[in-house]
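Have a look at the structure below, then the notes.
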2 protein chains.
Amino acid sequence: MDDTTALPLDAETKVSERPADHEAELRLWLRLFTCTTLIEGEIRRRLRDTFDVTLPRFDLMAQLDKAPGGMTLGELSKRMMVSNGNVTGLAERLATQGLLERRASPTDRRAQFVSLTPEGRKTFRTMARTHENWIAELFAGLGRDDTEKLMTLLARAKASARKAVTAGEK
Amino acid sequence: MDDTTALPLDAETKVSERPADHEAELRLWLRLFTCTTLIEGEIRRRLRDTFDVTLPRFDLMAQLDKAPGGMTLGELSKRMMVSNGNVTGLAERLATQGLLERRASPTDRRAQFVSLTPEGRKTFRTMARTHENWIAELFAGLGRDDTEKLMTLLARAKASARKAVTAGEK
DNA sequence: CCTATATATTTTAGGCTTAAAGTATTTGCG
DNA sequence: CGCAAATACTTTAAGCCTAAAATATATAGG
């Protein structure tokens with residue numbers, strides 16, 4: 001995944017002959033992807049080595065930590081942006097570990113609420129503190145201005161992508 | 001994954017009381033991750049719906065397309081930044097589809113070279129053209145300046161992360 | 001009430017991914 | 001040469017993930 005290749009600077013080439021030259025966007029996507037992958041991989045590695053937990057389980061616990069009363073699997077699925085079947089399995093494994101508990105919804109016999117057990121909450125809070133420091137460490141080379149500018153530009157990129165995605169859903 | 005929550009603007013809080021407040025970096029990571037995930041998911045969906053191909057297979061073919069003479073599985077593994085076992089399986093499935101061919105290395109009986117078949121190359125080139133347009137479409141909302149600035153900032157972020165990763169490998 | 005449709009979840013089949021263990025071969029060195 | 005270590009690859013076990021089908025329940029309309 002090298003994204004450092006020099007651009008072929010063929011300003012002479014007629015547009016009609018290269019109607020779809022989107023080199024710049026392709027290179028941006030490659031860089032965005034490798035950058036994210038690099039960080040994500042390191043976080044996965046550290047979570048595993050330090051806490052023996054996977055990133056998906058950490059993410060699920062993070063969602064539950066923000067919702068003290070718990071939530072349904074469907075709600076969890078929406079917030080995590082993954083399929084229903086996926087959260088079914090993740091919740092199952094976390095419940096086996098004693099970190100998550102399920103209870104039936106009093107109003108809807110199809111649904112179940114899930115929430116962190118006291119142990120799950122304690123475990124998550126510990127991990128979350130360390131996790132936050134790792135992220136800070138990984139971004140330590142960025143100044144405050146860079147961070148803010150990146151936030152803004154990524155928001156624009158996200159909005160752009162979201163628009164293209166929803167446009168195709170009509 | 002909402003990263004739109006307002007920052008708790010507690011400038012009054014003493015540093016000593018909140019020694020590890022890395023909220024900004026955490027929010028940056030969340031945004032970077034959701035942005036990438038959004039685009040990646042859409043590309044996966046379109047590759048599947050349009051060409052009945054997975055992203056990992058597309059990525060592997062992209063590497064081979066850049067190396068006309070083929071390369072070893074180990075080289076492929078390094079370039080794709082995935083495990084050896086992973087490319088073994090991917091290459092196996094692509095070979096079954098007739099898109100990739102293997103031949104023994106003349107000099108090393110442990111190694112094998114893989115390359116695209118003529119059909120594989122043709123198939124990949126077709127997909128790649130469309131893929132490039134999709135990426136351009138997803139980033140269409142970004143101006144040229146935004147794109148360039150993002151490239152620069154992501155390069156900095158990548159360098160920062162790389163440094164933190166290698167520092168832990170000593 | 002009864003039925004059609006919608007919703008919440010689980011199950012299934014298939015593919016991706018890794019770490020770790022295993023196999024075959026090559027290379028370096030005494 | 002002979003053998004220890006390194007290398008290229010495959011296999012295995014476990015987990016993650018999705019789309020699609022299946023199950024159970026809820027809701028709306030006649």
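Fair warning: this is a prediction, and the values are worked out from it, not measured in the lab. Lettering follows sequence order; numbering is per chain, from 1.
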Problem - Counterpart residues, side-chain hydrogen bond (donor to acceptor under 3.5 Å, both in side chains), relative to Arg48(B) (two or more places apart) - result: none
Exercise for the section: Whole angstrom is fine here: how far is it from CG in Leu47(B) over to C1' in dT18(D)? Expected result: 15 Å
Practice task
Name the nucleic acid region contacted by Ser77(A), choosing base, sugar-phosphate or nothing; use a 4.0 angstrom heavy-atom cut-off, strictly under.
Solution key: nothing
Problem - Reading 5' to 3' through nucleotides 13-26 of chain C, protein heavy-atom contacts under 4.0 Å coded B for base, S for sugar-phosphate only, - for none - result: --SSSBS----BBS
Handout entry: Leu60(A) CG - dC16(D) C1' separation (whole Å)
Key = 13 Å
Handout entry: Residues Glu92(A), Arg102(A): salt bridge by 4.0 Å N-O rule
Key = yes
Handout entry: Spacing between Arg102(B) atom CZ and dT10(D) atom C1', to the nearest angstrom
Key = 11 Å
Handout entry: Contacts of Arg46(A) that satisfy side-chain hydrogen bond (donor to acceptor under 3.5 Å, both in side chains) - sequence neighbours left out
Key = Glu42(A), Glu137(A)
Practice task
Under the side chain to side chain contact (heavy atoms under 4.5 Å, CB included) rule, collect the residues that match up with Leu26(B), sequence neighbours excluded.
Solution key: His131(A), Glu132(A), Ile135(A)
Practice task
Output all residues satisfying side chain to side chain contact (heavy atoms under 4.5 Å, CB included) with Ser105(A), sequence neighbours left out; order by chain, then residue number.
Solution key: Thr107(A), Asp108(A), Ala111(A), Phe113(A)
Exercise for the section: Using whole Å, report how far CZ of Phe113(A) lies from C1' of dT9(C). Expected result: 14 Å
Practice task
Could you tell me the separation between the CG atom of Asp59(A) and the C1' atom of dG15(D), rounded to a whole number of Å?
Solution key: 15 Å
Practice task
Could you check how far CD of Glu75(B) sits from P of dC9(D), rounded to whole Å?
Solution key: 10 Å
Exercise for the section: Assign Ser105(B) to base, sugar-phosphate, or nothing according to its heavy-atom contacts below 4.0 angstrom with the strands shown. Expected result: nothing
Practice task
With sequence neighbours excluded, tell me which residues meet salt bridge (charged side-chain N to carboxylate O under 4.0 Å, His left out) with Glu101(B).
Solution key: none
Exercise for the section: Using the test side-chain hydrogen bond (donor to acceptor under 3.5 Å, both in side chains), find all partners of Arg93(B) that sit at least two apart in sequence or belong to another chain. Expected result: none
Exercise for the section: Inspect the contact between Arg44(A) and Glu40(A) and indicate whether a charged nitrogen and a carboxylate oxygen are less than 4.0 angstrom apart. Expected result: yes
Completion exercise
Between its two end axes (five pairs each) the helix from dC1(C)-dG30(D) to dG30(C)-dC1(D) turns, nearest 10 degrees, through 10°
Problem - Value in whole Å for how far the P atom of dT18(D) lies from CG of Leu55(B) - result: 14 Å
Practice task
Using the test side-chain hydrogen bond (donor to acceptor under 3.5 Å, both in side chains), find all partners of Arg109(A) that sit at least two apart in sequence or belong to another chain.
Solution key: none
